[in-house]
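All residue numbers in this chain count up from 1 along the given sequence.
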Amino acid sequence: MTGTKTPPTRVCYRCGREAATGARCSCGEPLWLKIDGTDGVDATGRADRTDATRFSWPETSGSSIWRYRDLLPVSRPPGIGSVVGGTPLFRTPRLDDYAGCELRVKDESANPTGSFKDRGSAVGVARALDAGDDWVGTVSHGNMAMSTAATAASAGLNCLVLVPDDIPTERLTHIARYDPTLVRVEGDYGRLYDVSLDLPGVRFVNSDAPLRVAGQKTTALEICEAFADEGRTPDAIVAPVSSGGHASAIWKAVCELRDANLLNAESLPRLYFVQAAACDPIAEAFRNGADRVTPVDGGETVAYSIANASPPSGNRVLAAVRDTGGAVLSVADDAILDAKRQLARRAGLCVEPASATTLAGIRHLSTAGKIDPEESVVAIATGTGFRERSPLAETPESVPIGDLPERVASLVSG
Ligand SMILES: *Cc1c(COP(=O)(O)O)cnc(C)c1O
Ligand SMILES: [Zn+2]
């Protein structure tokens with residue numbers, strides 16, 4: 001695709017108001033990009049298409065997010081942003097008993113920096129290039145910081161990463177590798193999300209920014225397309241939720257596919273989003289039947305990537321699960337760690353604790369009868385566990401080389 005795409009209009013999922021710029025509607029809810037579906041704006045410039053048929057599954061080959069260029073409002077950038085997505089989706093039969101269903105895993109660790117954040121970073125960086133910006137930025141001390149910094153570096157953009165003053169050195173090292181401009185900020189880190197949006201000269205692509213959501217919806221497009229190839233729809237899609245950016249994006253994909261008649265409105269995949277019990281404001285609102293999330297005093301959890309006590313897209317996540325018949329639930333740390341072990345031992349997958357919440361959540365839902373054994377469920381393994389230091393449970397035995405034949409003979413004979 002050549003040429004520079006024009007900036008897309010933004011729209012509020014709740015009240016339908018539109019805006020040319022900005023991340024928030026005047027009603028307070030987050031905006032997302034209005035580029036497709038049934039609502040008439042066509043940022044791809046293909047005015048010849050009619051609303052209902054504007055998008056169909058691509059004929060072209062190619063396994064990155066750019067396969068869906070018709071649904072992405074930007075030009076393909078150079079560097080790692082040009083190859084994100086197209087991650088593996090596969091059956092993990094040895095986890096079926098534990099999960100209580102027919103399980104598939106969507107392995108987002110296959111992205112260049114090891115998490116789905118690369119999908120959103122690619123689109124944010126691509127828009128910055130289209131707009132002629134010099135700087136992109138993000139407020140993060142985790143995967144999003146690494147992803148934005150790496151994607152910007154490979155496209156030749158400057159990147160500003162705002163981290164909390166007390167960030168552990170180990171995390172700083174992971175981010176600093178890509179040589180962004182790092183600024184430690186003193187004061188209330190929670191307020192930085194809003195403060196960053198008014199900073200001059202830098203395009204901030206924060207957790208639920210419209211451009212990030214546009215890129216991250218491709219996780220669900222890939223899942224649904226893979227099922228469509230087999231003439232099916234997943235019964236449920238399960239992901240961890242923190243800010244609600246990825247969850248919103250997954251819902252947006254489902255909405256777009258429904259609008260394009262590629263998903264049956266009567267049998268949408270149920271969307272389930274999982275939090276850690278120690279910090280679960282969205283799950284709490286869901287349990288209370290509320291349609292607004294109230295910030296909590298978040299506690300510590302092993303799932304450090306999803307401990308957002310005041311999620312900016314929390315209300316939108318509630319709307320997503322109600323629209324699709326799903327739920328927001330939370331799981332305890334010991335269930336998360338057990339699921340993480342099972343993913344490694346029964347599926348060969350080393351994931352972050354945040355990602356293991358999916359399997360813990362699925363197990364909880366099937367035990368509660370909300371997921372049936374014959375249902376096809378996709379767990380999104382959002383990020384790699386390779387960055388973690390994990391203690392060895394027990395030290396393996398040591399055998400003199402001369403004794404090895406005898407020792408192995410006894411091992412393999414059970
Ligand atoms: C960012 C992240 C999440 C949460 O995504 P949100 O869009 O903030 O809800 C989950 N898992 C991993 C590994 C992440 O990096
Ligand atoms: Zn609104």
Side-chain angles (χ1 to χ4, degrees), residues 1 4-5 7-8 21-23 33 64-66 68-69 72-87 108-164 167 171-185 189 192-193 195-219 243 245-246 249 305 382-384 387:
M1 171 131 311
T4 296
K5 294 192 178 186
T21 57
L33 300 184
S64 72
I65 63 169
W66 305 103
Y68 305 111
R69 58 174 70 80
L72 296 173
V74 292
S75 318
R76 188 174 187 163
I80 60 171
S82 70
V83 294
V84 301
T87 56
E108 289 300 292
S109 74
N111 282 299
T113 74
S115 82
F116 72 88
K117 296 288 197 312
D118 289 346
R119 299 170 181 271
S121 303
V123 170
V125 161
R127 176 74 201 124
L129 290 173
D130 279 347
D133 299 343
D134 295 322
W135 283 85
V136 292
T138 199
V139 175
S140 165
H141 44 99
N143 292 329
M144 186 164 60
M146 276 177 260
S147 174
T148 308
T151 310
S154 77
L157 285 177
N158 300 310
C159 181
L160 176 63
V161 178
L162 304 181
V163 298
I167 181 173
R171 289 189 155 216
L172 212 46
T173 315
H174 287 312
I175 305 167
R177 235 182 229 138
Y178 304 106
D179 202 27
T181 299
L182 274 159
V183 175
R184 291 188 295 136
V185 185
Y189 193 69
L192 255 193
Y193 172 99
V195 170
S196 71
L197 300 178
D198 296 325
L199 296 174
V202 182
R203 178 184 296 273
F204 271 85
V205 191
N206 291 341
S207 54
D208 69 343
L211 288 161
R212 183 167 290 286
V213 168
Q216 290 174 179
K217 75 185 175 189
T218 56
T219 319
S243 69
H246 195 207
S305 287
T382 46
T384 180
R387 280 191 275 267

Rounded to the nearest 0.5 Å, what separates atom [atom1] in [X] from atom [atom2] in [Y]?
{"X": "Thr219", "Y": "Asn111", "atom1": "OG1", "atom2": "CG", "result": "8.0 Å"}
{"X": "Thr113", "Y": "Met146", "atom1": "OG1", "atom2": "CE", "result": "7.0 Å"}
{"X": "Phe116", "Y": "Thr382", "atom1": "CZ", "atom2": "OG1", "result": "6.0 Å"}
{"X": "Arg177", "Y": "Leu172", "atom1": "CZ", "atom2": "CG", "result": "11.5 Å"}
{"X": "Thr181", "Y": "Leu160", "atom1": "OG1", "atom2": "CG", "result": "6.5 Å"}
{"X": "Asn206", "Y": "Thr138", "atom1": "CG", "atom2": "OG1", "result": "4.5 Å"}

Donor-acceptor pair, side chain of [X] and main chain of [Y], under 3.5 angstrom:
{"X": "Thr148", "Y": "Ala145", "value": "no"}
{"X": "Tyr189", "Y": "Ser140", "value": "yes"}
{"X": "Arg212", "Y": "Val205", "value": "yes"}
{"X": "Ser147", "Y": "Asp118", "value": "yes"}
{"X": "Asp130", "Y": "Val74", "value": "no"}
{"X": "Trp66", "Y": "Pro77", "value": "no"}

Heavy-atom pair with the smallest gap, counting every atom of [X] and [Y]:
{"X": "Gly245", "Y": "Val213", "result": "O-CG2, 3.8 Å"}
{"X": "Ser196", "Y": "Phe204", "result": "O-CD1, 3.4 Å"}
{"X": "Pro73", "Y": "Pro8", "result": "CB-CG, 3.6 Å"}
{"X": "Ser109", "Y": "Gly383", "result": "CB-C, 4.3 Å"}
{"X": "Ser64", "Y": "Arg76", "result": "OG-NH2, 3.5 Å"}
{"X": "Gly124", "Y": "Leu211", "result": "CA-CB, 4.1 Å"}

Is there a side-chain contact between [X] and [Y] in this structure, where contact means two heavy atoms from C-beta onward sitting under 4.5 Å apart?
{"X": "Val163", "Y": "Arg171", "result": "no"}
{"X": "Lys217", "Y": "Leu33", "result": "no"}
{"X": "Val123", "Y": "Ile65", "result": "yes"}
{"X": "Tyr193", "Y": "Asp208", "result": "yes"}
{"X": "Ile175", "Y": "Ile167", "result": "yes"}
{"X": "Arg387", "Y": "Asn143", "result": "yes"}
{"X": "Leu72", "Y": "Thr218", "result": "yes"}

So Arg203 and Leu157, side chain to side chain contact (heavy atoms under 4.5 Å, CB included) or not? Walk me through it. CA-CA 11 Å; Arg203 178 184 296 273; Leu157 285 177; over 6 Å; no
In sequence, state the C-alpha distance, the side-chain angles, and the governing distance for Glu108 and Arg119, and then conclude on side chain to side chain contact (heavy atoms under 4.5 Å, CB included). CA-CA 10 Å; Glu108 289 300 292; Arg119 299 170 181 271; 2.7 Å; yes
Trp135 vs Asp133, side chain to side chain contact (heavy atoms under 4.5 Å, CB included): CA-CA, chis, key distance, verdict: CA-CA 6 Å; Trp135 283 85; Asp133 299 343; over 6 Å; no
